[in-house]
Each structure stands twice: as C-alpha cells, then as structure tokens.
Q: 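Here you go, one structure.
Remember, it's a predicted structure, so these values are computed and weren't measured experimentally.
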Amino acid sequence: MTDHGPQPVERQLPTEEARDLLALVRDLVQREIGPTAAEEEEAGRFPREVFRLLSASGLLALPYAEEFGGGGQPYEVYLQVLEELAAARLTVGLGVSVHTLACHALAGYGTKEQQAEHLPAMLGGGLLGAYCLSEPSSGSDAASLRTRATRDGDTWTIEGTKAWITHGGIADFYTVLARTGGEGAHGITAFLVPGDAPGLSAAAPERKMGMKGSPTAQLHFDGVRVADARRIGEEGQGFAIALSALDSGRLGIAACAIGVAQSALDEALAFTAGRQQFGRPIADFQGLRFMLADMAAQIEAGRALYLAAARLRDAGLPFSKQAAMAKLFCTDAAMRVTVDAVQLLGGYGYTADFPAERYMREAKVLQIVEGTNQIQRMVIARHLAGPESR
C-alpha cells in the first residue's frame, strides 16, 4: 500500500478573500489551539484567551454586517471556518457557534439604536455571549418555559432558572427568552442581559462526559432588572426570534460535527497507515479500508448538506428544513465516524493517550444540543407532511 495519510480538506470557497481567511484560521489553529487541546480538555480549562484572540482577529463576527464590526462573510464561508475550529477543539468551535447564536437576536431584530450601542462590542470587543432558552422543565418543549419578566414602567424584572447554558457563568452577555404574557409561544419576549447584572448567578458547571473545557451551567435570575431598552423585538415576538436563531445555529452544530468527524478520520488514517500487523500496514486489509471509505463518504455527504443549506440562507431563501436535515445527518454521521475511529485504533482507541476516545465522547453531545435529533426528525416531517393532527 502507498503510504497515504491525512490530507487538508479541499474546500470550494467563493472568493480569494475567503481562501485567505481559511489560511489564517488554519495557521491560528496550528499555533494557538491544536497543540494544547487534549491537555486543556482533560484539565477542564476554558480557553478564554483564545476567544479574545478570535475576537481581535474578527473570527467572532464573521456572518454579521460590516457596519457594526462584523466580517460580512456569507454563511457558506463562516461554517467552514467553524468546521476548522471544531476539528482542532470542539470547545472552541461550538463556543464560536454559541456566541454567534447569542448575537443573532440583536443583529436580526434589534433597533438601529440598539445595534449601534451593543453590537460593536459584542462582535469585536472581546466579549463572549451565551443563549438562554432551555430550562430544567422545558427542553424540547421550549415554548413551555417558565422564566418570567414582569414590567414596571421602563424596567423589567426577570425571575426564574435557565438550564444547559453553554458559557453559563462566564459570558459577558446573555440573550434571554422570558415569559411576558400568557402560556405558549406567543407570550415570550427576548432580552439582552449583561453578564454582571445584580441578581444573576450561575450554579456549579455540569460534570459532563465530554467537552469538559466548555462550562455548561444553570443560571438563576433572582430579581434581575433589565431596562426596556434591552428588550429585543416586540413583546411576544421572542419565540419567533428564538426559532430563527436556532435554524442558523443548527447549521453551526452541523459544521462542528463534521469538524470532529474529520479529525477522527484523520486520526484513523494516520494510525492504520503506521500500524503493522501480519507484516504490513493494517490499512492494507480490505475490511478496514471499507470502514475508512464509509467514514470519508459520510463526512463528504455531511459537508455538502450543510453547505447546500448555507447557500440557501445566503440567497435569502427558506432553509429551515435543510438546516434540520444538516444537523440530523452531520451529527449522526459524527457519532458513527468517531465510534469507527475508536474501533480502528483497537485498544489504543480506548485510551486517553490517543484523541479518538475524546472525539467519540464529544460527538455524542452534538446529537442533543440545539434540538435533539428526534426533534430534527419532527421538524423535517412537518415540512414534508404538514403538522401533526391533534
């Protein structure tokens, strides 16, 4: 067998500027993220300095308008940057996706005055955001959330608990969905809450099987007062804003999943090319070659699916169904690919001396976050067959 190992991903990028951007990202990954990823994940350290560097480099603002300090890049490019970051360390890639999600409401639904006041710092000022929709008793059924905001003149008081918040307790700002009216989806409003607001506190981070470097925590709102000037959109519009954000966020998760899967395939390729058994590299054996081929095919298919959805978004066309398909397929593919990578490494794959086991643990959460894959199937089916009969 010819000694073939991992090769850089061949990307179809729309402009020379985008190609330069990807080269910058790859250089940053090799210098600042990849070398310490395994050690920092094992220690549970959050790479805040890396996020400051990403902010200073314009990489926390890529899909937003240049008018407010954004990168003005199409989603087609932003998602491929995200994939490269996640391939190096999922804590970083998913963190950028969550920050982008947290900025979505203000960028898409805020007034010009709100955007001018807050977006430059959120996009390029070294700040880190978080998104607060889920609660202990409302995960997939997000419209049943109980956190309540009560108005008193020009101020709102927020009471309640949010759960499963990525960057919970360390974020500089939170996009918070709270109930301001009656039950159901139409009684929810969005707010931009400072991370240091009095009455806002975080529980101890969850103890997770993967992504140990990324804090996930409950947030407690105990009489948190927020000016009406920090309300985003109209009263009662919050759930529609949340769903709009999640459509884009699901593409971010899909890209992260392909990044993790690509790293797992690269690890398996390098190992099987170098591991000798029965006098030849184990990558010579047909059973293992077929596994590698299947892994590569799933990754390429997932990448094509998320990019097709991104191009619809960039063209201003509906993409909700395709976003759900991309999130579903890419995260399921990442789970299969990472499990196979562990198998291809044999006993070594089950040890922490090699990154394959970390990729497998990290892939699992991607099937859960921003709508479980069972929810994605419900979304897709509704587009195909209409709403369920009651």
Q: Do Ile232 and Gln237 have side chains that approach each other closer than 4.5 Å (heavy atoms only, starting at C-beta)?
A: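 Of all side-chain heavy-atom pairs linking Gln237 with Ile232, none is under 4.5 Å.
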Q: Under a 4.5 Å cut-off applied to non-hydrogen side-chain atoms, are Arg11 and Glu84 in contact?
A: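 Result yes, sub-4.5 Å side-chain heavy-atom pair found.
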Q: Has Gln12 got more than 12 heavy atoms of other residues, nucleotides or ligands less than 6.0 Å from its CD?
A: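 No, the 6.0 Å shell around CD holds no more than 12 heavy atoms from other groups.
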Q: Determine whether Ser140 and Gln374 make a side-chain contact, defined as any pair of heavy atoms from C-beta on separated by less than 4.5 Å.
A: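 A side-chain contact under 4.5 Å is absent here.
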Q: Less than 4.5 Å apart, any side-chain heavy atom of Pro194 and any of Arg230?
A: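 Yes, side chains in contact.
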Q: Donor-acceptor check, side chain of Gln80 to backbone of Glu76, threshold 3.5 angstrom: yes or no?
A: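 Checked: pair present.
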Q: Within the structure provided, determine whether Glu159 and Arg148 are in side-chain contact (heavy-atom separation under 4.5 Å).
A: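 A side-chain contact is absent here, since even the closest heavy-atom pair is not under 4.5 Å.
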Q: For the pair Tyr109 and His104, name the ring-plane relationship: parallel under 30°, tilted 30 to 60°, perpendicular over 60°.
A: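 Tilted.
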Q: Any chance CZ of Arg146 has more than 12 other-residue heavy atoms, nucleotides or ligands included, within less than 6.0 Å?
A: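 For Arg146, atom CZ is not crowded (no more than 12 foreign heavy atoms under 6.0 Å).
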Q: Report yes or no: do Tyr64 and Phe51 belong to one cluster of Ile/Leu/Val/Met/Phe/Trp/Tyr joined by side chain heavy-atom distances under 4.5 Å?
A: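 No.
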Q: So with a 6.0 Å cut-off around CD of Gln286, is the heavy-atom count from everything else above 12?
A: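 Open.
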Q: Looking at Thr180, Val193, Thr150, Thr189, which one forms a side chain to side chain contact (heavy atoms under 4.5 Å, CB included) with Trp156?
A: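 Single pass found, and it is Thr180.
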Q: Side chains of Gln262 and Asp266: is there a donor and an acceptor less than 3.5 Å apart?
A: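 Yes, side-chain donor-acceptor contact under 3.5 Å.
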Q: Within a reach of under 6.0 Å around CG of Asp141, are more than 12 heavy atoms found that belong to other residues, nucleotides or ligands?
A: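 More than 12 heavy atoms, drawn from other residues, nucleotides or ligands, come within 6.0 Å of this atom.
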Q: Would a single hydrophobic cluster contain both Met378 and Leu246, if residues Ile, Leu, Val, Met, Phe, Trp and Tyr are joined by side-chain heavy-atom contacts under 4.5 Å?
A: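 They do not share one cluster, since no chain of ILVMFWY contacts under 4.5 Å joins Leu246 to Met378.
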Q: Counting distance only, does the side-chain N/O of Lys364 pair as donor-acceptor with the main-chain N or O of Gly210 below 3.5 Å?
A: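 A pair under 3.5 Å: no.
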Q: Where does the angle between the aromatic ring planes of Phe271 and Tyr348 fall among parallel (under 30°), tilted (30 to 60°) and perpendicular (over 60°)?
A: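 Because their plane-to-plane angle lies in the 30° to 60° range, the rings of Phe271 and Tyr348 count as tilted.
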Q: Does any non-hydrogen side-chain atom of Tyr131 lie less than 4.5 Å from one of Leu177?
A: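 Leu177 reaches Tyr131 side chain to side chain.
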Q: Can you tell if the side chain of Leu28 reaches within under 4.5 Å of the side chain of Leu54, non-hydrogen atoms only?
A: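 With C-beta onward as the side chain, the pair touches.
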Q: So does His186 have more than 12 non-hydrogen atoms from other groups sitting under 6.0 Å from NE2?
A: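 Incorrect, the count does not exceed 12.
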Q: Is it the case that over 12 heavy atoms from other parts of the model lie below 6.0 angstrom from the CG atom of Asp27?
A: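 Yes, because the 6.0 Å sphere around CG of Asp27 holds more than 12 heavy atoms from other groups.
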Q: Could you please spell out the steps behind the side chain to side chain contact (heavy atoms under 4.5 Å, CB included) verdict for Leu265 and Leu269?
A: CA-CA 6 Å; Leu265 173 60; Leu269 282 168; 4.0 Å; yes
Q: Can you find a pair of side-chain heavy atoms, one from Leu62 and one from Val96, that are under 4.5 Å apart?
A: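 A side-chain contact is absent here, since even the closest heavy-atom pair is not under 4.5 Å.
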Q: Determine whether Phe319 and Tyr78 fall in the same hydrophobic cluster, where Ile, Leu, Val, Met, Phe, Trp and Tyr are linked whenever their side-chain heavy atoms lie under 4.5 Å apart.
A: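 As far as the 4.5 Å side-chain criterion goes, Tyr78 and Phe319 are connected within one cluster.
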Q: Identify the two heavy atoms, one from Phe173 and one from Ala102, that lie closest to each other, and give their separation to 0.1 Å.
A: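 Closest pair (atom of Phe173, atom of Ala102, distance): CE1-CB, 3.9 Å.
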Q: Cluster question for you: counting only ILVMFWY and a side-chain heavy-atom cut-off of under 4.5 Å, with indirect links fine, are Val369 and Ile165 together?
A: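 Different hydrophobic clusters.
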Q: Just by modelled atom types, is the Gly184 backbone N or O under 3.5 Å from a matching donor or acceptor in the Arg179 side chain?
A: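 Here the side-chain-to-backbone pair exists.
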Q: I'd like to know whether CZ of Arg207 has more than 12 heavy-atom contacts from other residues, nucleotides or ligands below 6.0 angstrom.
A: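 Atom CZ in Arg207 is not packed in, count stays at 12 or less.
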Q: With a cut-off of 6.0 Å (strictly less than), are more than 12 heavy atoms of other residues, nucleotides or ligands near CD of Glu206?
A: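 Yes, enclosed.
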Q: Determine whether Asp172 and Arg48 satisfy the following criterion, salt bridge (Lys or Arg N to Asp or Glu O under 4.0 Å), listing intermediate values before the conclusion.
A: CA-CA 12 Å; Asp172 299 296; Arg48 187 58 194 261; 2.5 Å; yes
Q: Rounded to the nearest 0.5 Å, what separation is found between the CZ atom of Arg303 and the CD atom of Glu300?
A: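 Going from CZ on Arg303 over to CD on Glu300, the span is 5.0 Å.
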Q: Distance alone, cut at 3.5 Å: any donor-acceptor contact between the side chains of Tyr306 and Glu83?
A: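 On atom types as modelled, these side chains qualify, holding a pair under 3.5 Å.
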